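Some notes on the structure that comes next.
In what follows, chains are A, B, ... by sequence order, proteins preceding strands, each numbered from 1. This is a predicted model, so every value here is computed, not measured.
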Amino acid sequence: MATHKTLPGFRDFYPEDCSLRNHLFSVWRQCAKRFGFQEYDGPILESLELLTAKSGDEIAGQLFNFEDKGGRAVTLRPELTPTLARMVSAKANALPRPIKWYSIGENFRYERQQKGRLRSFYQFNADILGEAGPIADAEVIGLLVESLCSQGLQRDEFIVRLSDRNLWFYFIESLGFTGEQATGALGIIDKMERMPPEKALAALGELGAPDPAKTFQAITDFQQLPDVEAIAAFLSKMDLSEESHDKLNGRLDAWRELLDLLDAAGLNDFVKLDLRIVRGLAYYTGFVFEAFQTVGKGRALAGGGRYDDLLEKLGGSAMPAVGFGMGDVTLRDLLEEVNRLPRLIDKADIFLVYTGDAGFKAALGDAYALRRQGLRAELPFREAGMGKQFKQAAQSGADFTLVYGPEELAQGIVQVKHMRTGEQKAVPAAQLVGSVLALWREG
RNA sequence: GUGGACGUAGCUCAGUUGGUUAGAGCAUCGGCUUGUGGUGCCGAGGGUCGCGGGUUCGAGUCCCGUCUUCCACCCCA
């Protein structure tokens with residue numbers, strides 16, 4: 001048993017895990033590029049204050065924070081959005097709009113781990129800043145959907161549940177909640193899916209709801225509404241103030257616009273309106289969404305939304321923004337669960353076998369020549385019987401095996417064996433590199 | 001941070017009411033094979049049974065603690 005283990009919630013990446021991780025990253029990158037997003041990154045260590053400014057002091061309980069040797073309160077980043085906000089704010093006047101940026105990086109959260117939730121994880125983040133219209137929301141959602149598809153997931157294996165924090169806020173307001181109360185109510189609504197009704201009712205009462213039972217009923221009814229027209233019909237039956245009416249209908253117009261865009265983009269089958277989603281974070285300001293796997297445990301795969309006020313709150317200039325984050329852990333788990341992890345083969349192109357020191361030197365020289373041509377060429381470190389060397393050649397997955405024995409050396413040739421067909425031909429040693437390259441390209 | 005379950009080789013697991021030196025398959029390495037292949041046959045290495053303490057003549061097995069992993073809370077950026 002190893003004396004030293006990874007810390008809880010941290011992972012070792014053995015070659016197999018590492019190539020899988022690289023593959024996931026590369027798919028994310030390709031998707032983001034197809035949508036015209038540019039990659040950025042920031043430091044893994046940030047000042048604690050940057051995080052508490054965004055999320056409040058309580059967040060420190062979930063952070064890997066400590067004091068550095070200069071007495072600064074610092075923390076490993078738990079997410080990338082504050083860093084993004086800082087970077088964009090600092091150059092806000094110089095950056096062409098819309099700003100479409102993505103990043104893939106490691107994040108850290110100090111909490112007890114469970115399956116799909118580790119203390120260290122990688123997250124794919126994509127954000128559009130400087131565009132307030134629904135086209136930005138649509139593009140971000142589109143990238144989210146295409147990313148999951150490109151990772152190998154199929155249409156019926158996940159769904160993006162789309163909701164609207166502002167619509168909720170205005171609705172709650174129309175029920176008689178004010179400022180602080182309304183935010184608290186949204187927090188309760190966010191949890192109602194996993195909460196017994198009596199408890200939710202009680203929580204609304206504690207919050208000071210004017211008429212808890214009636215409010216609870218209104219909220220549960222609202223949550224069930226299946227589409228925009230149902231919401232419109234529901235609202236028309238309510239006795240709304242003119243202000244509420246205007247605010248709510250403004251959101252419905254935005255909804256129609258967004259759904260129209262998603263429809264044109266061919267994303268209808270992947271996205272559905274679902275007002276049970278609220279998202280706990282107080283800084284979301286408009287459309288919010290979460291992608292869930294629809295097979296197995298129904299875990300959340302990604303989440304995001306609009307946060308038009310965040311940059312200003314963090315001390316920058318006001319700028320509309322929308323984005324999402326997607327973690328590597330649940331995605332990997334899901335791909336494994338549906339048996340859709342890619343088979344990543346890491347095979348050699350050319351394997352060289354030899355006899356004697358002269359054979360070894362000749363093989364080594366040719367191996368380097370082939371490597372300089374971009375081929376992966378390998379040879380055994382120590383001489384062994386031909387049978388054993390060929391076994392190694394087979395295990396390496398090489399397409400061709402080159403033989404350097406006394407007979408070949410004497411004749412000035414190299415035997416080139418095509419491993420798949422078993423055919424073998426002699427090639428003049430002087431023309432080896434060109435001949436092998438030609439054979440290899442033929443397959 | 002709270003509560004529960006689990007823990008035997010790199011992996012998947014056996015291991016009798018507590019009784020010799022803890023086993024198998026897969027994987028790894030070697031041999032059969034001194035110039036030609038992943039199969040086959042033979043063999044080897046690898047475990048202070050998560051760790052620490054206790055009960056006992058004797059503990060992988062029973063008890064306590066602790067850590068880890070998993071599950072439910074908390075939280076979910």
Roughly how many Å apart are B/A27 and B/C42, using the P atom of each and rounding to a whole number? 15 Å
If only side-chain N and O atoms of A/Gln113 are considered, is one of them under 4.0 Å from the OP1 or OP2 phosphate oxygen of B/C70? yes
Euclidean distance for P, B/A44 against B/G23 (whole angstrom): 13 Å
Of the nucleotides B/G35, B/C76, B/G37, which has the atom closest to the A/Met419 side chain? B/G37
Under 6.0 Å between ring centres: does that hold for A/Phe124 and A/Phe324? yes
Need one value for A/Leu80: base, sugar-phosphate or nothing, where a base atom within 4.0 Å counts as base even if backbone is also close, heavy atoms only. nothing
Say you pick atom P in B/G65 and the same atom in B/C70; how far apart are they, in whole Å? 23 Å
Strand partner of B/C75, provided both Watson-Crick or wobble distances fall under 3.5 Å: none
Please state the P separation for the pair B/A24 and B/U17 - nearest whole angstrom. 22 Å
Do the side chain of A/Arg279 and the base of B/C76 come within less than 3.5 angstrom through a donor-acceptor pair of N or O atoms? no
Whether over 12 other heavy atoms sit under 6.0 Å from A/Lys425 NZ: no
Donor-acceptor pair under 3.5 Å, A/Lys417 side chain vs B/G37 base: yes
Identify the nucleotide, in any strand shown, that forms a Watson-Crick or G-U wobble pair with B/U12, with both distances under 3.5 Å; if there is none, say none. B/A24
Hunt down the Watson-Crick or G-U wobble partner of B/C32, both distances under 3.5 Å, from any strand shown, or write none. B/G40
For B/U55, what is the paired nucleotide under Watson-Crick or G-U wobble rules, both distances under 3.5 Å? none
Mind checking if A/Gly325 touches a base, just sugar-phosphate, or nothing, with heavy atoms under 4.0 Å? nothing
Does the B/U69 base have a donor-acceptor partner in the side chain of A/Gln114 within less than 3.5 Å? no
Hey, are A/Lys54 and A/Glu79 close enough for a salt bridge, meaning a charged N less than 4.0 Å from a carboxylate O? yes
What is the nucleic acid contact for A/Pro8, judged by heavy atoms within less than 4.0 Å: base, sugar-phosphate only, or nothing? sugar-phosphate
Using the P atom as the reference point in each nucleotide, state the distance between B/C32 and B/U16 in Å, no decimals. 41 Å
Consider the side chain of A/Met386, meaning its heavy atoms from C-beta on, and name the nucleotide among B/C75, B/C76, B/G35 that approaches it most closely. B/G35
A/Arg165 (side chain) donor-acceptor with A/Arg279 (main chain) under 3.5 angstrom: yes
Does a sphere of radius 6.0 Å around OH in A/Tyr110 hold more than 12 heavy atoms from other residues, nucleotides or ligands, not counting ones at 6.0 Å or beyond? no
For B/C49 and B/G30, measure between their P atoms and round to the nearest Å. 29 Å
Given the C1' atoms of B/C11 and B/C76, what is the spacing between them in whole Å? 33 Å
A/Gly405 near the nucleic acid: base, sugar-phosphate alone, or nothing, with a heavy-atom cut-off under 4.0 Å? base
Residue matched to B/A5 through Watson-Crick or wobble contacts both under 3.5 angstrom: B/U69
Could you measure between the two P atoms, the one in B/A22 and the one in B/C51, and give it in whole Å? 15 Å
Is the distance between the ring centroids of A/Phe66 and A/Phe108 under 6.0 Å? no
Picking from B/C75, B/U36, B/G35, which would you name as closest to the side chain of A/Phe390? B/U36
What's the CG-P distance between A/Asp12 and B/U69, to the nearest Å? 12 Å
A/Arg299 and A/Glu337 ion-paired at < 4.0 Å: no
Could you tell me whether the side chain of A/Gln389 has a donor or acceptor atom within less than 3.5 Å of a complementary atom in the base of B/G37? no
Indicate whether OP1 or OP2 belonging to B/U36 is found under 4.0 Å from a side-chain N or O atom of A/Lys388. no
Has the side chain of A/Arg112 got a donor or acceptor atom sitting under 3.5 Å from an opposite partner on the base of B/G3? yes
Contact class for A/Val353 (heavy atom, under 4.0 Å): base, sugar-phosphate, or nothing? nothing
